[in-house]
Amino acid sequence: MPAVAVAAELPPLLDLTDENITANTIIINNQTHDRRLKYVLERLVTHLHDFARETRLSSEEWMAAIEFLTACGKICSDTRQEFILLSDALGLSCLVDVMDHPKPENATPGTVLGPFHSHEALEFVNGESICPPDKGEQCIVICTVSDTKGRPIENALVDIWETDETGHYDVQYDVRDGPKCRGLLHSDKDGKFWFKAIRPVSYPIPHDGPVGQLLEKLNRHPFRPSHMHFKFICEGYDELVTSLYCKGDPYETTDAVFGVKSPLIIELDTVKSAEMAKMYGVEIGDWVMRYDFVLTSQEEVAALKQQKASEALAKLGVTREVVAGLPIADLD
Ligand code: BEZ
Ligand code: FE
């Protein structure tokens, strides 16, 4: 076993103290030859131990944290992901998305995926409704998708999902008869796609579990402002996970999961002309959502990730090799 072969080079793990436990944990983890894993574990152990030192973490508090994480695990199911909620509510999802999908100034920003994306969505053709009829306030969504040079992107796969008029996603119902308020569309030769849906409503993230209890203890509300989710998949482009937010929502600046970005807030209009109503098969007075999405190419993202990782390490005074935008451990 390799562990035995290198064991001779390891220091004896005896009489460890608050002074030397960190260095020794890092040394024993360093037996891996995976330089990314080695780097991530070295930083994880360093920050975890420093966190405990700095907060003077008590045994009772650490046990409460373990019980909290256990409760998060126990409430998870195929349709309930408490750890995504936790990551979202702690701002970690927002941070990871920004770092992993950097964008040029004129590209559409990404935002949190959340736990309600599903692979069950059906395909629709442009103009169809992704929601069941006669529920919610009708809304026609008219969009384009282009690259950062303004060139339309044809045949981009667009995955869309939103809640029903009560603020629940289809997957939150115990009894379901197929996907609702979600769908897959393709952009046409001009990069345009359009569909009928309902005007998004604000809703609370699931708060009947440990993350909800944590928010309550922190005096935080669990609401998300009204929004519609979009995910773009297109060869040669970085996958874009984003949402559009309806301007003027009472939770616009206090989203429980930190997902709102100014360029994603849009003012809804209404259908005013009979001509438009006829063109899209909607009624005068229905809501209209319009947006021009801009995707970032894979080359643009790769270059930005490399640049931003190097800048971040330099700021921290750390010298490490950066491969594909990710720092790795030095060679032994
Ligand atoms: C959502 O927008 O679907 C969502 C995002 C984060 C947590 C819960 C829900
Ligand atoms: Fe949502």
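In each ligand, atom 1 is the first atom listed, and ligand 1 is the first ligand listed.
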message: I need the OH(Tyr203)-the Fe ion (ligand 2)-NE2(His227) angle, rounded to 10 degrees.
response: 100°
- prompt: Which heavy atom of the protein is the closest neighbour of atom 5 (C) of ligand 1, given with residue, atom name and distance?
  reply: Gly114 CA, 3.4 Å
message: Looking at Arg182 and Asp170, is any side-chain nitrogen of the basic one under 4.0 Å from a carboxylate oxygen of the acidic one?
response: yes
message: Under 4.0 Å between a side-chain nitrogen and a carboxylate oxygen: does that hold for Glu239 and Lys231?
response: yes
query: What atom name does the N, O or S atom of His229 nearest to the Fe ion (ligand 2) carry?
result: NE2
field: N/O/S atom of Ser243 inside 2.8 Å of the Fe ion (ligand 2), strictly under
entry: no
message: So is His227 touching ligand 1 or not, going by heavy atoms under 4.0 Å?
response: yes
statement: among protein heavy atoms, the one nearest atom 9 (C) of ligand 1 is Pro115 CD, 3.4 Å
message: Between Thr144 and Asp292, is there a side-chain donor-acceptor contact under 3.5 Å, judged purely by atom types and distance?
response: yes
query: Backbone or side chain, does any N or O of Asp88 fall under 3.5 Å from an N or O of ligand 1?
result: no
query: So, Phe195 versus Phe124, ring centres under 6.0 angstrom or not?
result: no
message: With the threshold set at under 4.0 angstrom, would you say Tyr169 reaches ligand 1 through any of its heavy atoms?
response: yes
query: By number and element, which atoms of ligand 1 are closer than 4.0 Å to a non-hydrogen atom of His229?
result: 1 (C), 2 (O), 3 (O)
message: Heavy-atom distances under 4.0 Å decide this one: backbone, side chain, both or neither, for Leu85 against ligand 1?
response: side chain
message: For Glu283, is the CD atom crowded, meaning more than 12 foreign heavy atoms sit under 6.0 Å from it?
response: no
task: Drop me the distance from Lys192's NZ to Ser146's OG, to the nearest 0.5 angstrom.
output: 14.5 Å
message: List ligand 1 atoms under 4.0 Å from Val257, heavy atoms only on the residue side.
response: 6 (C), 7 (C)
message: Checking side chain to side chain donor-acceptor pair (under 3.5 Å) between His227 and each of Tyr203, Tyr251, Tyr245, which is the one that passes?
response: Tyr203
query: Does an N or O from Tyr203, backbone or side chain, lie closer than 3.5 Å to an N or O of ligand 1?
result: yes
message: Tell me if the aromatic rings of Tyr237 and Phe232 count as close, with their centers under 6.0 Å from one another.
response: no
message: Within the 4.0 Å heavy-atom shell around Phe116, which atoms of ligand 1 are there?
response: 3 (O), 9 (C)
task: Run the numbers for me: atoms of ligand 1, each under 4.0 Å from some heavy atom of Ile205, listed by number.
output: 7 (C), 8 (C), 9 (C)
message: Closer than 4.0 angstrom, basic N to acidic O: yes or no for Asp147 and Arg151?
response: yes
